[in-house]
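Some notes on the structure that comes next.
Index from 1, following the sequence. Atoms within a ligand are numbered from 1 in the order they appear, just like the ligands themselves.
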Amino acid sequence: MSSRLQVLYQKKPSYDIVYSNGFDDLCLEFDALSIKERKICIVTDHCVKEHYEQELYKIFKDNCIQCITFSFPEGEQSKTLDTVKELYEFLINANFTRSDLLVALGGGVVGDLTGFAAATYLRGIDFIQIPTTLLSQVDSSIGGKTGVDFDQYKNMVGAFNMPKLVYMNLSTLLTLSDRQFFSGMAEVLKSALIRDTIFYEWLITNFYEIAERDLSILEEMVFRTDQIKKMIVEKDPTEQGDRALLNLGHTIGHAIEKYKNFELMHGECVALGCVAAAYISMKKKLLSSDEYYEIRDMFVPFNLPISIENIEPAEILRLTKSDKKMSHKGIKFILLKKAGKAVIDSTVTDEEILEAINEIHYTQEDIKE
Ligand code: GLY
(Lines give C-alpha, C1' and ligand atoms only; values in the text may rest on other atoms or scores of the structure.)
Protein backbone atom coordinates (compact mmCIF):
# COMPACT_ATOMS: atom_id res chain seq x y z
CA MET A 1 0.00 0.00 0.00
CA SER A 2 1.31 3.42 -0.86
CA SER A 3 -0.89 6.47 -1.08
CA ARG A 4 -0.50 10.13 -0.36
CA LEU A 5 -2.25 13.34 0.60
CA GLN A 6 -0.95 16.74 -0.39
CA VAL A 7 -1.27 19.47 2.23
CA LEU A 8 -1.54 23.11 1.11
CA TYR A 9 -0.16 26.04 3.09
CA GLN A 10 -1.51 29.48 2.25
CA LYS A 11 -3.26 27.80 -0.70
CA LYS A 12 0.00 26.52 -2.23
CA PRO A 13 1.27 22.90 -2.20
CA SER A 14 3.43 22.61 0.92
CA TYR A 15 4.18 18.96 1.78
CA ASP A 16 2.96 15.45 1.14
CA ILE A 17 1.81 12.86 3.64
CA VAL A 18 2.95 9.47 2.36
CA TYR A 19 1.34 6.25 3.62
CA SER A 20 3.19 2.95 3.53
CA ASN A 21 3.53 -0.32 5.40
CA GLY A 22 7.30 -0.15 5.80
CA PHE A 23 10.21 2.30 5.65
CA ASP A 24 11.52 1.26 2.22
CA ASP A 25 9.29 3.63 0.20
CA LEU A 26 11.11 6.50 1.88
CA CYS A 27 13.82 6.08 -0.80
CA LEU A 28 11.28 7.20 -3.41
CA GLU A 29 11.22 10.63 -1.71
CA PHE A 30 15.00 11.15 -1.65
CA ASP A 31 15.29 13.04 -4.96
CA ALA A 32 12.56 15.50 -4.03
CA LEU A 33 14.32 16.07 -0.69
CA SER A 34 17.77 16.40 -2.38
CA ILE A 35 19.26 14.30 0.39
CA LYS A 36 22.38 13.51 -1.66
CA GLU A 37 23.68 17.01 -0.90
CA ARG A 38 22.72 17.01 2.76
CA LYS A 39 23.73 15.83 6.20
CA ILE A 40 20.91 14.19 8.11
CA CYS A 41 20.28 14.15 11.84
CA ILE A 42 17.70 11.62 13.03
CA VAL A 43 16.10 13.00 16.20
CA THR A 44 14.35 10.42 18.34
CA ASP A 45 13.80 9.21 21.89
CA HIS A 46 15.66 6.32 23.53
CA CYS A 47 12.71 3.94 23.21
CA VAL A 48 11.94 4.57 19.52
CA LYS A 49 15.68 4.51 18.81
CA GLU A 50 15.81 0.89 19.94
CA HIS A 51 12.99 -0.10 17.60
CA TYR A 52 13.63 1.78 14.35
CA GLU A 53 16.79 3.88 14.30
CA GLN A 54 19.05 1.20 12.81
CA GLU A 55 16.63 0.51 9.96
CA LEU A 56 16.30 4.21 9.20
CA TYR A 57 20.04 4.79 9.51
CA LYS A 58 20.70 2.06 6.92
CA ILE A 59 18.19 3.63 4.53
CA PHE A 60 19.76 7.09 4.83
CA LYS A 61 23.48 6.52 5.31
CA ASP A 62 24.54 5.67 1.73
CA ASN A 63 22.31 8.28 0.18
CA CYS A 64 23.36 11.43 2.04
CA ILE A 65 26.64 13.12 3.04
CA GLN A 66 26.47 11.93 6.65
CA CYS A 67 23.79 10.54 8.93
CA ILE A 68 23.92 10.99 12.72
CA THR A 69 21.41 10.40 15.53
CA PHE A 70 20.44 12.53 18.52
CA SER A 71 18.24 10.86 21.14
CA PHE A 72 16.81 11.84 24.50
CA PRO A 73 14.75 10.12 27.26
CA GLU A 74 11.17 9.43 26.18
CA GLY A 75 8.23 11.30 27.69
CA GLU A 76 6.76 14.74 28.16
CA GLN A 77 9.46 15.60 30.76
CA SER A 78 11.94 15.88 27.88
CA LYS A 79 9.84 18.37 25.92
CA THR A 80 11.80 21.36 27.18
CA LEU A 81 14.15 24.11 26.04
CA ASP A 82 16.94 22.19 27.80
CA THR A 83 16.57 19.29 25.35
CA VAL A 84 16.40 21.75 22.44
CA LYS A 85 19.65 23.33 23.72
CA GLU A 86 21.32 19.90 23.76
CA LEU A 87 20.15 19.33 20.20
CA TYR A 88 21.52 22.72 19.08
CA GLU A 89 24.88 21.85 20.66
CA PHE A 90 24.87 18.46 18.93
CA LEU A 91 24.15 20.06 15.55
CA ILE A 92 26.79 22.78 16.04
CA ASN A 93 29.42 20.16 16.95
CA ALA A 94 28.52 18.21 13.80
CA ASN A 95 28.78 21.41 11.70
CA PHE A 96 25.19 21.28 10.53
CA THR A 97 24.36 24.12 8.15
CA ARG A 98 21.06 25.57 7.01
CA SER A 99 21.03 23.24 4.00
CA ASP A 100 21.03 20.07 6.12
CA LEU A 101 17.99 18.12 7.30
CA LEU A 102 16.44 16.95 10.58
CA VAL A 103 14.33 13.78 10.68
CA ALA A 104 11.82 13.55 13.54
CA LEU A 105 11.39 9.84 14.24
CA GLY A 106 8.86 9.09 16.98
CA GLY A 107 5.69 10.35 18.63
CA GLY A 108 4.31 13.78 19.42
CA VAL A 109 7.09 14.90 21.79
CA VAL A 110 9.80 14.07 19.24
CA GLY A 111 7.90 15.71 16.36
CA ASP A 112 7.03 18.91 18.24
CA LEU A 113 10.53 19.34 19.66
CA THR A 114 12.35 18.59 16.39
CA GLY A 115 10.06 20.90 14.42
CA PHE A 116 10.76 23.71 16.88
CA ALA A 117 14.52 23.14 16.80
CA ALA A 118 14.29 23.13 12.99
CA ALA A 119 12.40 26.44 13.02
CA THR A 120 15.08 28.13 15.13
CA TYR A 121 18.45 26.51 14.39
CA LEU A 122 20.28 28.97 12.09
CA ARG A 123 16.91 30.69 11.64
CA GLY A 124 15.47 27.64 9.95
CA ILE A 125 16.58 24.26 8.66
CA ASP A 126 14.36 21.71 6.87
CA PHE A 127 12.79 18.81 8.72
CA ILE A 128 10.62 15.81 7.93
CA GLN A 129 8.29 13.89 10.21
CA ILE A 130 8.26 10.10 10.54
CA PRO A 131 5.54 9.62 13.17
CA THR A 132 5.50 6.21 14.86
CA THR A 133 2.53 6.49 17.24
CA LEU A 134 -1.16 6.64 16.40
CA LEU A 135 -1.44 10.00 18.14
CA SER A 136 1.29 11.54 16.03
CA GLN A 137 0.02 9.93 12.80
CA VAL A 138 -3.48 11.36 13.21
CA ASP A 139 -2.70 14.67 14.84
CA SER A 140 0.63 16.12 15.90
CA SER A 141 2.72 15.41 12.77
CA ILE A 142 0.28 17.31 10.54
CA GLY A 143 -0.31 21.03 10.43
CA GLY A 144 3.06 22.48 11.42
CA LYS A 145 2.46 23.12 15.12
CA THR A 146 5.82 22.72 16.84
CA GLY A 147 7.09 23.65 20.28
CA VAL A 148 8.00 22.70 23.81
CA ASP A 149 6.51 23.06 27.29
CA PHE A 150 7.70 25.94 29.46
CA ASP A 151 7.45 26.00 33.29
CA GLN A 152 3.99 24.62 34.02
CA TYR A 153 2.63 25.55 30.60
CA LYS A 154 2.17 22.94 27.87
CA ASN A 155 3.31 23.91 24.34
CA MET A 156 3.92 27.48 25.54
CA VAL A 157 6.96 28.19 23.35
CA GLY A 158 6.80 27.22 19.71
CA ALA A 159 6.40 28.10 16.06
CA PHE A 160 4.30 27.16 13.10
CA ASN A 161 6.79 25.34 10.92
CA MET A 162 5.76 23.08 8.06
CA PRO A 163 7.72 19.85 7.49
CA LYS A 164 9.00 19.00 4.01
CA LEU A 165 7.37 15.55 4.20
CA VAL A 166 5.35 13.40 6.58
CA TYR A 167 6.08 9.71 6.08
CA MET A 168 3.76 7.25 7.81
CA ASN A 169 4.81 3.64 8.22
CA LEU A 170 1.48 2.25 9.40
CA SER A 171 2.93 -1.05 10.54
CA THR A 172 4.56 0.84 13.44
CA LEU A 173 1.04 0.89 14.93
CA LEU A 174 1.28 -2.86 15.45
CA THR A 175 4.15 -2.52 17.93
CA LEU A 176 2.50 0.04 20.24
CA SER A 177 1.34 -0.99 23.70
CA ASP A 178 -2.46 -1.15 24.05
CA ARG A 179 -2.37 1.91 26.25
CA GLN A 180 -0.42 3.93 23.68
CA PHE A 181 -2.62 2.74 20.84
CA PHE A 182 -5.90 3.55 22.57
CA SER A 183 -4.54 6.90 23.70
CA GLY A 184 -4.17 7.76 20.00
CA MET A 185 -7.76 6.64 19.44
CA ALA A 186 -8.92 9.63 21.51
CA GLU A 187 -7.61 11.98 18.78
CA VAL A 188 -9.31 9.87 16.10
CA LEU A 189 -12.64 10.00 17.94
CA LYS A 190 -12.12 13.73 18.54
CA SER A 191 -11.66 14.41 14.81
CA ALA A 192 -14.78 12.43 13.92
CA LEU A 193 -16.77 14.28 16.59
CA ILE A 194 -15.61 17.65 15.22
CA ARG A 195 -16.38 17.20 11.56
CA ASP A 196 -17.57 13.85 10.28
CA THR A 197 -20.74 12.06 11.41
CA ILE A 198 -20.32 9.31 8.81
CA PHE A 199 -16.77 8.59 9.96
CA TYR A 200 -17.97 8.62 13.59
CA GLU A 201 -20.51 5.92 12.71
CA TRP A 202 -17.84 4.01 10.75
CA LEU A 203 -15.65 3.97 13.88
CA ILE A 204 -18.45 2.53 15.96
CA THR A 205 -19.24 -0.10 13.30
CA ASN A 206 -15.57 -1.09 12.95
CA PHE A 207 -14.61 -0.91 16.60
CA TYR A 208 -13.73 -4.62 16.82
CA GLU A 209 -11.36 -4.56 13.81
CA ILE A 210 -9.79 -1.34 15.12
CA ALA A 211 -9.21 -2.81 18.59
CA GLU A 212 -7.75 -5.93 16.93
CA ARG A 213 -5.51 -3.62 14.86
CA ASP A 214 -6.53 -4.95 11.49
CA LEU A 215 -3.98 -3.11 9.34
CA SER A 216 -6.26 -2.37 6.38
CA ILE A 217 -8.89 -0.88 8.73
CA LEU A 218 -6.19 1.14 10.51
CA GLU A 219 -4.96 2.46 7.16
CA GLU A 220 -8.43 3.68 6.28
CA MET A 221 -8.90 5.14 9.76
CA VAL A 222 -5.61 7.08 9.79
CA PHE A 223 -6.18 8.32 6.23
CA ARG A 224 -9.72 9.54 6.99
CA THR A 225 -8.62 11.23 10.23
CA ASP A 226 -5.80 12.97 8.38
CA GLN A 227 -8.22 14.15 5.69
CA ILE A 228 -10.23 15.92 8.41
CA LYS A 229 -7.13 17.53 9.86
CA LYS A 230 -5.85 18.52 6.40
CA MET A 231 -9.16 20.21 5.56
CA ILE A 232 -9.11 22.22 8.81
CA VAL A 233 -5.43 23.27 8.83
CA GLU A 234 -5.45 24.25 5.16
CA LYS A 235 -8.28 26.72 5.78
CA ASP A 236 -6.78 28.11 8.99
CA PRO A 237 -3.08 27.19 9.32
CA THR A 238 -2.28 29.55 12.19
CA GLU A 239 -5.43 29.05 14.27
CA GLN A 240 -7.14 32.38 13.72
CA GLY A 241 -10.50 30.61 13.63
CA ASP A 242 -11.68 27.08 12.90
CA ARG A 243 -8.38 25.31 13.65
CA ALA A 244 -9.28 25.83 17.32
CA LEU A 245 -11.97 23.16 16.76
CA LEU A 246 -9.14 20.62 16.87
CA ASN A 247 -8.73 21.54 20.54
CA LEU A 248 -11.98 19.74 21.43
CA GLY A 249 -11.35 18.04 24.76
CA HIS A 250 -7.94 19.69 25.16
CA THR A 251 -8.82 22.60 27.46
CA ILE A 252 -9.88 20.50 30.44
CA GLY A 253 -7.75 17.60 29.10
CA HIS A 254 -4.49 19.56 29.34
CA ALA A 255 -5.41 20.71 32.86
CA ILE A 256 -5.92 17.08 33.98
CA GLU A 257 -2.70 16.04 32.25
CA LYS A 258 -0.83 18.72 34.15
CA TYR A 259 -2.64 18.03 37.45
CA LYS A 260 -1.72 14.34 37.23
CA ASN A 261 1.87 15.28 36.43
CA PHE A 262 1.70 13.50 33.04
CA GLU A 263 0.99 10.11 34.65
CA LEU A 264 -2.03 9.74 32.38
CA MET A 265 -1.51 9.57 28.64
CA HIS A 266 -2.43 12.59 26.52
CA GLY A 267 -5.28 10.76 24.76
CA GLU A 268 -6.75 9.58 28.07
CA CYS A 269 -6.92 13.21 29.19
CA VAL A 270 -8.39 14.26 25.82
CA ALA A 271 -11.12 11.62 26.23
CA LEU A 272 -11.99 13.01 29.67
CA GLY A 273 -11.92 16.54 28.23
CA CYS A 274 -14.26 15.50 25.39
CA VAL A 275 -16.74 14.02 27.88
CA ALA A 276 -16.64 17.25 29.92
CA ALA A 277 -17.12 19.34 26.74
CA ALA A 278 -20.06 17.14 25.68
CA TYR A 279 -21.56 17.57 29.15
CA ILE A 280 -21.32 21.37 28.90
CA SER A 281 -22.87 21.11 25.41
CA MET A 282 -25.80 19.23 26.94
CA LYS A 283 -26.15 21.80 29.73
CA LYS A 284 -26.22 24.54 27.10
CA LYS A 285 -28.91 22.56 25.24
CA LEU A 286 -26.76 22.01 22.15
CA LEU A 287 -26.96 18.23 22.72
CA SER A 288 -29.84 16.18 24.09
CA SER A 289 -29.08 14.01 27.12
CA ASP A 290 -29.33 10.89 24.90
CA GLU A 291 -26.70 12.37 22.56
CA TYR A 292 -24.46 13.23 25.53
CA TYR A 293 -24.58 9.70 26.95
CA GLU A 294 -24.02 8.18 23.51
CA ILE A 295 -20.93 10.34 22.93
CA ARG A 296 -19.62 9.68 26.45
CA ASP A 297 -20.05 5.93 26.17
CA MET A 298 -18.39 5.75 22.77
CA PHE A 299 -14.98 6.14 24.48
CA VAL A 300 -15.49 3.01 26.61
CA PRO A 301 -14.96 0.26 23.96
CA PHE A 302 -11.74 2.04 22.99
CA ASN A 303 -10.40 1.56 26.53
CA LEU A 304 -10.53 5.28 27.24
CA PRO A 305 -11.60 6.77 30.58
CA ILE A 306 -14.86 8.69 30.94
CA SER A 307 -14.34 9.51 34.61
CA ILE A 308 -11.40 10.03 36.94
CA GLU A 309 -10.70 9.49 40.61
CA ASN A 310 -8.97 11.78 43.10
CA ILE A 311 -8.84 15.16 41.47
CA GLU A 312 -9.53 18.56 43.00
CA PRO A 313 -12.11 20.10 40.66
CA ALA A 314 -11.31 23.68 41.74
CA GLU A 315 -7.62 23.11 40.96
CA ILE A 316 -8.47 21.65 37.54
CA LEU A 317 -10.58 24.77 36.88
CA ARG A 318 -7.63 26.98 37.84
CA LEU A 319 -5.30 25.06 35.54
CA THR A 320 -7.90 25.18 32.76
CA LYS A 321 -7.93 28.96 32.99
CA SER A 322 -4.15 29.20 32.85
CA ASP A 323 -4.05 27.26 29.57
CA LYS A 324 -2.90 29.25 26.56
CA LYS A 325 -6.22 28.67 24.80
CA MET A 326 -7.55 31.67 26.76
CA SER A 327 -8.49 34.62 24.53
CA HIS A 328 -8.95 38.18 25.81
CA LYS A 329 -12.65 37.39 26.05
CA GLY A 330 -12.17 34.25 28.17
CA ILE A 331 -11.69 30.58 27.45
CA LYS A 332 -12.32 29.55 23.84
CA PHE A 333 -14.25 26.36 24.50
CA ILE A 334 -15.06 23.80 21.85
CA LEU A 335 -18.57 22.40 22.22
CA LEU A 336 -20.61 19.91 20.22
CA LYS A 337 -23.88 20.50 18.37
CA LYS A 338 -23.98 16.83 17.44
CA ALA A 339 -21.51 13.98 16.90
CA GLY A 340 -19.81 15.37 13.78
CA LYS A 341 -20.30 19.12 14.35
CA ALA A 342 -18.19 21.15 16.78
CA VAL A 343 -18.47 24.89 17.45
CA ILE A 344 -16.32 27.50 19.21
CA ASP A 345 -17.96 29.08 22.27
CA SER A 346 -16.54 31.87 24.42
CA THR A 347 -19.49 32.07 26.82
CA VAL A 348 -18.75 29.04 29.02
CA THR A 349 -18.72 30.15 32.67
CA ASP A 350 -16.52 28.96 35.54
CA GLU A 351 -19.60 27.36 37.12
CA GLU A 352 -20.32 25.34 33.94
CA ILE A 353 -16.68 24.19 33.75
CA LEU A 354 -16.70 23.21 37.42
CA GLU A 355 -19.95 21.28 37.01
CA ALA A 356 -18.46 19.41 34.04
CA ILE A 357 -15.31 18.56 36.01
CA ASN A 358 -17.50 17.28 38.84
CA GLU A 359 -19.42 15.16 36.30
CA ILE A 360 -16.24 13.31 35.27
CA HIS A 361 -14.89 13.10 38.85
CA TYR A 362 -15.68 10.17 41.13
CA THR A 363 -14.58 9.18 44.63
CA GLN A 364 -14.54 5.85 46.47
CA GLU A 365 -17.73 7.01 48.26
CA ASP A 366 -19.50 7.28 44.86
CA ILE A 367 -18.57 3.64 44.18
CA LYS A 368 -19.91 2.44 47.59
CA GLU A 369 -23.25 4.24 47.08
N1 GLY B 1 -3.48 19.40 17.72
C2 GLY B 1 -4.28 20.49 17.35
C3 GLY B 1 -3.78 21.22 16.15
O4 GLY B 1 -2.89 20.76 15.46
O5 GLY B 1 -4.28 22.27 15.87
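Looking at ligand 1, you'll find an N or O of Lys145 within less than 3.5 Å of one of its N or O atoms.
When each atom of ligand 1 is checked for a heavy atom of Leu246 under 4.0 Å away, the hits are 2 (C), 3 (C), 5 (O).
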Show me the donor-acceptor pairs within less than 3.5 Å that the side chains of residues 199-211 make with the rest of the protein, sequence neighbours left out.
unit_1	atom_1	unit_2	atom_2	d
Tyr200	OH	Glu294	OE2	3.2
Thr205	OG1	Glu201	O	2.8
Asn206	ND2	Trp202	O	2.9

Let me have the donor-acceptor pairs involving side chains of residues 165-178, under 3.5 Å, with sequence neighbours excluded, atom names and distances please.
unit_1	atom_1	unit_2	atom_2	d
Tyr167	OH	Ser20	OG	3.4
Tyr167	OH	Gly22	O	2.7
Tyr167	OH	Asp25	N	3.3
Tyr167	OH	Leu26	N	3.4
Asn169	OD1	Gly22	N	3.3
Asn169	OD1	Ser171	N	3.0
Asn169	OD1	Ser171	OG	2.7
Ser171	OG	Asn21	O	3.0
Thr172	OG1	Gln137	NE2	3.3
Thr172	OG1	Asn169	O	2.7
Thr175	OG1	Tyr52	OH	2.8
Thr175	OG1	Thr172	O	2.9
Ser177	OG	Gln180	N	3.1
Asp178	OD1	Arg213	NH2	2.8

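For atom 1 (N) of ligand 1, the nearest protein heavy atom (residue, atom name, distance) is Asp139 OD2, 3.0 Å. Closest to atom 5 (O) of ligand 1, if we only count protein heavy atoms, is Arg243 NE, 2.8 Å. The single protein non-hydrogen atom nearest to atom 4 (O) of ligand 1 is Lys229 NZ, 2.5 Å, given as residue, atom name and distance.
Using a 4.0 Å cut-off between charged nitrogen and carboxylate oxygen, Glu352 and Lys283 do not count as a salt-bridge pair.
Taking the centre of each ring, Tyr19 and Phe223 come in below the 6.0 Å mark. Aromatic ring centroids of Phe60 and Phe30 lie under 6.0 Å apart.
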